[in-house]
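This report refers to the structure that appears directly beneath it.
FYI, the numbering just counts along the sequence from 1.
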Amino acid sequence: MSESITLPLPRSLPARLAQLHGGLALYGVGIALQVESGLGNSPWDVFHQGVAMRTGVSIGAVIIAVGALVMLLWIPLRQRPGFGTIANVVFLGLFADAAIALLPTPHALPFQALYLAAGVCAVALATVLYIGAGMGPGPRDGIMTGLTRLGLSVRLGRFLIEITALGAGWLLGGTAGLGTLVFALAIGPLTQLFTRWFPLSPTRDHPRGE
């Protein structure tokens, strides 16, 4: 997470809103694909799934609740949310739940692997769309940014946050496995690759992440 992505902003507000919500919808699909693959979720989704299993609510509901709670941590870190931050909290979980309800669960390993690969790619492309809208970081990114202001490096801040979420989620029963490792290794390079679909702008730098 030490790199940054340089993207242009869409010119009009409607285009930015469409890009923001399109990115969030695709992100929800990516989460659903990984969950349904059964091969291992991203670190945060291991946590979300673990909490969902313990509480009996949907993963999407947990994503919304955790996003809202995480934003409370912004207060001592002096982070300010944008419209995109609020949209992330409200809509990401809804999109994830809808996709999980619609996607069939694969049982053969080749189809599980296909779900995993498609899920990681979807999250990477969704990240580019979402942050490219320039309407505010996701709630979990705000914690990372706040920690860097306290003196931690971006890489260390992101590592500490995600390893904590992964460990807690695994203890709660969330699915961690090969897919978790694939996500960790592939999400950065794939996200950077997808930025080539956009003309670069020297005035807009955004950190990668959820």
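Checked against side-chain contact (heavy atoms from CB on, under 4.5 Å), Ala25 has the following partners two or more places apart in sequence or in another chain: Phe95. When the side-chain hydrogen bond (donor to acceptor under 3.5 Å, both in side chains) test is applied to Thr180, no partner is found at least two apart in sequence or on another chain. Annotation: side-chain hydrogen bond (donor to acceptor under 3.5 Å, both in side chains) contacts of Thr85 (sequence neighbours excluded): none. Residues meeting the ring pair (Phe, Tyr, Trp, His ring centres under 6.0 Å) test with Phe91, sequence neighbours left out: His21. Residues meeting the side-chain contact (heavy atoms from CB on, under 4.5 Å) test with Ala101, sequence neighbours left out: none. Residues forming a side-chain contact (heavy atoms from CB on, under 4.5 Å) with Ala61 (at least two apart in sequence, or on another chain): Val57, Ser58. Among residues two or more places apart in sequence or in another chain, the side-chain contact (heavy atoms from CB on, under 4.5 Å) test is passed with Leu172 by Phe47, Val51, Arg54. In this structure, the side-chain hydrogen bond (donor to acceptor under 3.5 Å, both in side chains) partners of Thr105, at least two apart in sequence or on a different chain, are Glu36.
Taking every heavy atom of both residues into account, Cys121 and Leu190 meet most closely at SG-CD1, 4.1 Å. Ile64 and Val89 make their closest contact through CG1-O, 3.3 Å (heavy atoms, listed as atom of the first residue, atom of the second, distance). Ser37 approaches Pro106 most closely through the heavy-atom pair CA-CG, 4.5 Å. Of all non-hydrogen atoms in Arg16 and Met135, the two that sit nearest each other are NH2-CG, 3.7 Å. Residue Tyr130 comes nearest to Gly136 through the heavy atom pair OH-O, 3.2 Å, listed as atom of the first residue, atom of the second, then distance. The nearest pair of heavy atoms linking Gly23 to Ala126 is O-CB, 3.2 Å.
One finds the OG atom of Ser42 at 8.0 Å from the NE2 atom of His48 (value rounded to the nearest 0.5 Å).
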Let me see the working for Ile31 and Leu92 under side chain to side chain contact (heavy atoms under 4.5 Å, CB included), right down to the final yes or no.
CA-CA 9 Å; Ile31 290 173; Leu92 183 58; 4.2 Å; yes
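Here the side chain of Glu162 pairs no donor or acceptor atom with the backbone of Pro43 at under 3.5 angstrom. Counting only distance, with no hydrogens or angles, the side chain of Gln49 and the backbone of Thr175 share a donor-acceptor pair below 3.5 Å. Judged by distance alone, with hydrogens and angles left aside, the side-chain atoms of Gln19 form a donor-acceptor pair with the main-chain N or O of Leu129 at under 3.5 Å.
With a 4.5 Å cut-off on side-chain heavy atoms, Asn41 and Phe183 do not count as touching. The side-chain heavy atoms of Ile63 and Asp45, taken from C-beta on, include a pair separated by under 4.5 Å. Leu39 places a side-chain heavy atom less than 4.5 Å from the side chain of Leu109. Side-chain contact between Pro139 and Asn88: present, with at least one pair of heavy atoms (C-beta onward) separated by less than 4.5 Å.
Residue Leu178 is grouped with residue Ile187 when hydrophobic side chains (ILVMFWY) are merged at heavy-atom distances under 4.5 angstrom, including chains of intermediate members. In the hydrophobic clustering of ILVMFWY residues, with side-chain heavy atoms under 4.5 Å counting as a link, Leu20 and Ile86 come out together.
Cluster note: Leu103 groups with Val29, Leu33, Tyr115 through ILVMFWY side-chain heavy atoms spaced under 4.5 Å, whether in direct contact or through intervening members.
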